[in-house]
Number of protein chains: 2
Amino acid sequence: MADINVSTLSARLSQAKASSPEGPAYDLIELLFFAYRDFIGDADEILSRIGFGRAHHRVLHFVHRHPGMRVADLLDVLKITKQSLGRVLRELIDNGYVVQRAGPADRRQRLLYTTAKGETLALELALLQTRRFARALNECGEGARAEACRFLFAMIEPSARAEVEALMARADQRTKGRPR
Amino acid sequence: MADINVSTLSARLSQAKASSPEGPAYDLIELLFFAYRDFIGDADEILSRIGFGRAHHRVLHFVHRHPGMRVADLLDVLKITKQSLGRVLRELIDNGYVVQRAGPADRRQRLLYTTAKGETLALELALLQTRRFARALNECGEGARAEACRFLFAMIEPSARAEVEALMARADQRTKGRPR
DNA sequence: AGAAATACGTCAATATGGCTGACATAAACG
DNA sequence: CGTTTATGTCAGCCATATTGACGTATTTCT
């Protein structure tokens, strides 16, 4: 375990700027920047090999997590326009990662589902990122997972928290209900 | 304090997926996604008002943190090409946020410095993001700052850690030496 | 001194992922 | 039957990134 390394370093880091109570927290700002860069870098590498980008990843992820999602819901979550989504979604469909089915009650709706191929890719990407979290949390010790969840949730814009919470709860529910 | 809210929520969150030891950590993945989205959203709003984007922010941030940085160093940190940097840097210079000065020893070098105007903007952006960290950490309680630093640093690709560490240490040193 | 390497700038073409506006179609709703 | 809703699509624009080629000043090496 690289515990000695990480703990001494981060001790130094947090001490460096905690001493100036009013100044900018450059340490946190830069650490989050680099952490996120490497976090998405994991997926980027796999995606670029099949000619996809981050836009495809985001769409695939949410369709995977919310099977039967409507296009309008997807637009709402991603906060992009339907024109932007159009291209990306078409590529995912044309390449057999996602399928559309008409809504049972309202046939105007095109409900989105991942194919087996899409499921595989989504899971591969998620597990890659999960491994990064697992390694990091393992380096941090007991209780780090709950702490990290608390911290990350607290970083979210308060007005957006309820929505995020609902989104995640809904996904868990659906995943439980459909043990594909 | 919104402690009750946050702690119960994150308890539920972390419990939801900690129960499946092998499955993807969708909670962490999505929380990091939304946390980062809102983190950069703070700066985006200010930047868009003066016609700048994230590219300008990144350049301004590193020049601000590393006064006298060479163009080559900047390319190395940002991991972009000089053609990409060109436009952004020119706009920053043309609008009086950054200046170039020939290197004293090697006059081929164009060392980069922020102007007073650039300093002000960089600080404004950093303080906005710092406030988000401060609020989040306050909701998390004692010791959360050190924990967050540990966690974020552990999320960084191990092979990149030394470089990040060196970069941050260098910046702190310069900032200390130049109490402008 | 002259050649080569370095630091930087720039022109041109291309890709990706966003955007707005306008318009089309099918289905549901009142 | 007319209106609203859910979705798709065409056309054009912007920001940010890419690669490749070339130019120019300056330093370094032989």
Side-chain angles (χ1 to χ4, degrees), chain A residues 33 37 40-41 43-63 66 68-95 98-113, chain B residues 33 37 40-41 43-63 66 68-95 98-113:
Chain A
F33 174 78
R37 182 196 66 178
I40 46 175
D44 278 352
E45 211 231 327
I46 289 181
L47 289 162
S48 70
R49 284 207 293 263
I50 53 177
F52 284 170
R54 286 177 200 173
H56 302 87
H57 187 188
R58 286 197 291 274
V59 171
L60 183 65
H61 173 88
F62 282 108
V63 172
H66 302 271
M69 202 178 200
R70 291 180 313 152
V71 170
D73 295 335
L74 196 48
L75 293 176
D76 202 54
V77 171
L78 298 177
K79 306 240 190 281
I80 58 173
T81 60
K82 62 180 171 179
Q83 294 90 333
S84 297
L85 178 63
R87 227 172 348 119
V88 172
L89 188 55
R90 201 180 332 112
E91 285 169 353
L92 282 169
I93 291 169
D94 290 350
N95 288 285
V98 170
V99 288
Q100 288 180 318
R101 287 205 284 271
D106 187 336
R107 284 190 333 212
R108 288 172 306 180
Q109 297 173 348
R110 303 298 158 85
L111 307 188
L112 302 169
Y113 299 88
Chain B
F33 174 77
R37 182 197 64 177
I40 47 174
D44 278 352
E45 211 232 327
I46 288 181
L47 290 162
S48 70
R49 284 207 294 264
I50 54 177
F52 283 171
R54 287 178 198 172
H56 303 88
H57 187 188
R58 286 198 291 275
V59 170
L60 182 65
H61 173 87
F62 282 107
V63 172
H66 302 270
M69 203 177 198
R70 292 180 312 152
V71 170
D73 294 335
L74 195 49
L75 293 177
D76 202 53
V77 171
L78 298 178
K79 306 240 187 281
I80 58 173
T81 59
K82 64 178 169 178
Q83 293 89 333
S84 297
L85 178 62
R87 189 183 38 90
V88 172
L89 188 55
R90 199 179 336 110
E91 284 169 354
L92 282 168
I93 292 169
D94 289 351
N95 288 286
V98 170
V99 288
Q100 287 180 318
R101 286 206 284 268
D106 186 336
R107 285 192 331 216
R108 287 172 306 179
Q109 298 173 349
R110 306 295 159 86
L111 306 187
L112 301 169
Y113 299 88

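Here is the naming used below: chain letters follow the sequence lines, and residue numbers restart at 1 for every chain.
When rounded to the nearest whole Å, the span between CZ of A/Arg90 and P of D/dG8 equals 10 Å. One interatomic measurement links the two molecules: CZ of A/Arg110 to P of D/dT5, which rounds to 18 Å at whole-angstrom precision. The nearest whole Å value for the distance from the CG atom in A/Asp73 to the P atom in D/dA6 is 10 Å. Separating the CG atom of B/Asp76 from the C1' atom of C/dT6 is a distance of 15 Å, rounded to the nearest angstrom. We find that CG of B/Leu89 is positioned 10 Å from P of C/dT10, with the value rounded to whole Å. Following rounding to the nearest Å, B/Met69 (CE) and C/dA7 (P) show an atom-to-atom distance of 15 Å. Between A/Ile93 atom CD1 and D/dT7 atom P the separation is 12 Å, expressed in whole Å. The CG atom of B/Asp44 sits 15 Å away from the C1' atom of C/dC19 (whole-angstrom rounding).
Distance CD1/A/Ile50 to CD/A/Glu91: 11.0 Å, rounded to 0.5 Å. Rounded to the nearest 0.5 angstrom, B/Arg110 CZ and B/Ile93 CD1 are separated by 9.5 Å. How far CZ of B/Arg54 is from OG of B/Ser48: 10.5 Å, rounded to the nearest 0.5 Å.
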Table please: side-chain donor-acceptor pairs of residues 74-83 of chain B below 3.5 Å, with sequence neighbours left out.
{"residue": "B/Lys79", "atom": "NZ", "partner": "B/Asp76", "partner atom": "O", "Å": "3.4"}
{"residue": "B/Thr81", "atom": "OG1", "partner": "B/Ser84", "partner atom": "N", "Å": "3.4"}
{"residue": "B/Thr81", "atom": "OG1", "partner": "B/Ser84", "partner atom": "OG", "Å": "3.1"}

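Judged by closest nucleotide on DNA chain C, A/Glu91 is the one of A/Pro104 and A/Glu91 placed further toward the 5' end.
Contact annotation: side chain of B/Arg107 to base of D/dT26, donor-acceptor pair absent below 3.5 Å. For B/Arg108 and C/dT6, a side-chain-to-base donor-acceptor distance below 3.5 Å is present, hydrogens and geometry of angles not being considered.
Contact annotation for A/Ala105: backbone-only contact, meaning every heavy-atom pair under 4.0 Å involves sugar-phosphate atoms and none involves a base.
Tested against B/Leu92 for a side chain to side chain contact (heavy atoms under 4.5 Å, CB included), the candidates B/Asn95, B/Val88, B/Asp94 yield a single pass: B/Val88.
Two residues are said to be in side-chain contact when any heavy atoms from C-beta on lie closer than 4.5 Å; B/Leu111 and B/Met69 fail this criterion. Contact annotation: the side chain of A/His66 never approaches that of A/Asp73 to less than 4.5 Å [non-hydrogen atoms, C-beta and beyond].
Taking every side-chain heavy atom of A/Asp106 into account, C/dA28 is the closest of C/dA28, C/dC8, D/dT27. Listed candidates were D/dT7, C/dT10, C/dC8. Nearest to the side chain of A/Arg70 is D/dT7.
Residues of residues 77-85 of chain A having a heavy atom closer than 4.0 Å to DNA chain D, listed by number: A/Lys82, A/Gln83. Of the residues in residues 51-59 of chain B, B/Gly53, B/Arg54, B/Ala55, B/His56, B/Arg58 come within less than 4.0 Å of DNA chain D through at least one heavy atom, sorted by number.
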(message) Evaluate B/Leu112 against B/Leu89 for side-chain contact (heavy atoms from CB on, under 4.5 Å), listing each step before the verdict.
(response) CA-CA 10 Å; B/Leu112 301 169; B/Leu89 188 55; 4.2 Å; yes

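Taking the six-membered ring where tryptophan is involved, the planes of A/His61 and A/His57 are perpendicular, since the angle between them exceeds 60° and thus also 30°.
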